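Please read these numbers as outputs of a predicted model, since none were measured by experiment. Side chains included, hydrogens not; waters and symmetry mates left out as well; all remaining heavy atoms used. Numbering of ligands and ligand atoms starts at 1, following listing order.
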Amino acid sequence: MSNKMWGGRFETGPAAIMEEINASIGFDQRLYAQDIAGSKAHATMLATQGIIEASDAEKIVAGLDTILSEIEAGSFTFQRALEDIHMNVESRLAGLIGSPAGRLHTARSRNDQVATDFRLYVRDTIDTLDIQLADLQRALAEKALAHAATVMPGFTHLQTAQPVTFGHHLMAYVEMLGRDRGRFTDARARLNECPLGAAALAGTSFPIDRFATAKALGFDCPTANSLDSVSDRDFVLETLSSAAICAMHLSRFAEEVVIWTSPLVALLKLSDRFTTGSSIMPQKRNPDAAELVRAKIGRIAGAFSGLLMVMKGLALAYAKDMQEDKEGAFDALSTLSLMIAATAGMVRDAVPDKAKMKAAAGSGYSTATDLADWLVRVLGLPFREAHHVTGRIVALASGKGVALHKLTLAEMQEIEPRITQEVFGVLSVAKSVASRVSYGGTAPKNVRAQAKRWLKQLG
Ligand code: ARG
């Protein structure tokens, strides 16, 4: 049997394998709510414009509402022979209300329909992600406020560099997530134009009101070019690239959690709720959630580059290639949502080992820069010279196997005679972090102020 929605000129139905490669209902059924909302707006507009009878529009809208409840109740039967969500809904509508259902597709095509549905879906998803990202920022900022003065080693090249505070480190991620949210917000603003009414590719001869449907669906305005409307998926790409960048941030944080919770480092403890045991080694507490957050960026970046390859070189306007926009995007966006939720859970439960952090912060001559800065500030040495003198003092301490503040004044004076007792005031980690008061620096009072600023903004 040929397809009852478009099979007028066909004598036979598709080969089984044709149906298999062609059908998208297996995944695009996720768009049901957006598809129904779009159809309701379209039918209402058609009636207002006198293109269909008001009584037909009423039947269509009521039928669509019934279908919505059937799908939500799980009693709707999706059929692969009907290809996609659009035709599954329309076919059921015909079953429910009879011939008026046939008027719904006036002045539209599945090409503008799917573009509209997917924009609505991506927009809804961005809104949910934004709420989740704000929640993660809140979790980080709250922990940062509690640990504004908890000193830990700061690293460059993963080598101990200078002491920072745990709160400062966490707040770095609050900033990153703030920019991630900004990228999603930008993508949302650009995608919020309505393709509905572009029809197959050229617009329509019916006197439709695209501004009305755009408004009914919460779009800012209709898209201005019918060819562009049905043939671009840049809104998906932009959202996926924002998702990939955000996932990269989460992946870096996760890697730090993995490092910090390793017994070799042991700066941080995760809760039982966010770790797993080993089936053979009873002592193990594995940071699986962190490892998975670290890894899942692969699927998200993959979805982005996959769709970029699909779109590359595709002549205008719609081509079935574009049906490949959905599965990767659905997977990537729900994966990101899961990553954010798991990260927020880990952050809320994580407990830093303050004593170990403090000890680690002071090891590795982490206050050497403070010594060099003191030589510049108090003795007036040029920084390069101060760097050299400090290097020699570090070598002396290292040769004796002691920390900088364990050297005697006399020992230091052998290298730079003008050094005074006052120098010991800058050599402790607490003094070091407290002195980093430049805007954006790690001083506890700065960290407190930044955490409070964010918490106020996050509400
Ligand atoms: N399932 C299709 C997609 O996702 C809907 C649009 C189909 N349009 C067409 N002309 N065959 O792209």
Test item, His86 contacting ligand 1 (heavy atom, 4.0 angstrom): yes
Within-shell test, Lys326 vs ligand 1, heavy atom, strictly < 4.0 Å: yes
Which residue and heavy atom of the protein sit nearest atom 11 (N) of ligand 1, plus the separation: Arg110 NH2, 3.5 Å
Ser24: numbered ligand 1 atoms lying under 4.0 Å from its heavy atoms: 1 (N)
Numbered atoms of ligand 1 (with element) below 4.0 Å of Asp84, judged on heavy atoms: 1 (N), 2 (C), 5 (C)
Audit row: Lys296, Asp331, salt bridge (Lys or Arg N to Asp or Glu O under 4.0 Å) steps and yes/no: CA-CA 11 Å; Lys296 280 182 187 291; Asp331 179 68; over 6 Å; no
Audit row: Asp135, Arg348, salt bridge (Lys or Arg N to Asp or Glu O under 4.0 Å) steps and yes/no: CA-CA 11 Å; Asp135 178 62; Arg348 289 207 160 91; 3.1 Å; yes
Pair Asp186 + Arg183, salt bridge at N-O below 4.0 Å: no
Expected output: side-chain Arg294 to main-chain Glu255 donor-acceptor under 3.5 Å: no
Location of contacts on Glu83 toward ligand 1, heavy atoms closer than 4.0 Å: neither
Minimum-distance protein heavy atom relative to atom 9 (C) of ligand 1: Asn111 OD1, 3.4 Å
Where Leu46 and Ala107 come nearest, the two heavy atoms and their spacing: CD2-CB, 4.3 Å
Salt bridge (Lys or Arg N to Asp or Glu O under 4.0 Å) between Arg103 and Glu58, worked out: CA-CA 12 Å; Arg103 301 197 181 276; Glu58 274 165 34; over 6 Å; no
Heavy atom of the protein closest to atom 3 (C) of ligand 1 (residue, atom name, distance): Tyr318 OH, 3.3 Å
Shortest protein contact, atom 2 (C) of ligand 1 (heavy atom only): Gln323 OE1, 3.2 Å
Expected list for residues 305-320: side-chain donor-acceptor pairs under 3.5 angstrom, two or more places apart:
{"from": "Ser305", "atom 1": "OG", "to": "Ala301", "atom 2": "O", "distance (Å)": "3.2"}
{"from": "Ser305", "atom 1": "OG", "to": "Gly302", "atom 2": "O", "distance (Å)": "3.4"}
{"from": "Lys320", "atom 1": "NZ", "to": "Asn22", "atom 2": "OD1", "distance (Å)": "2.8"}

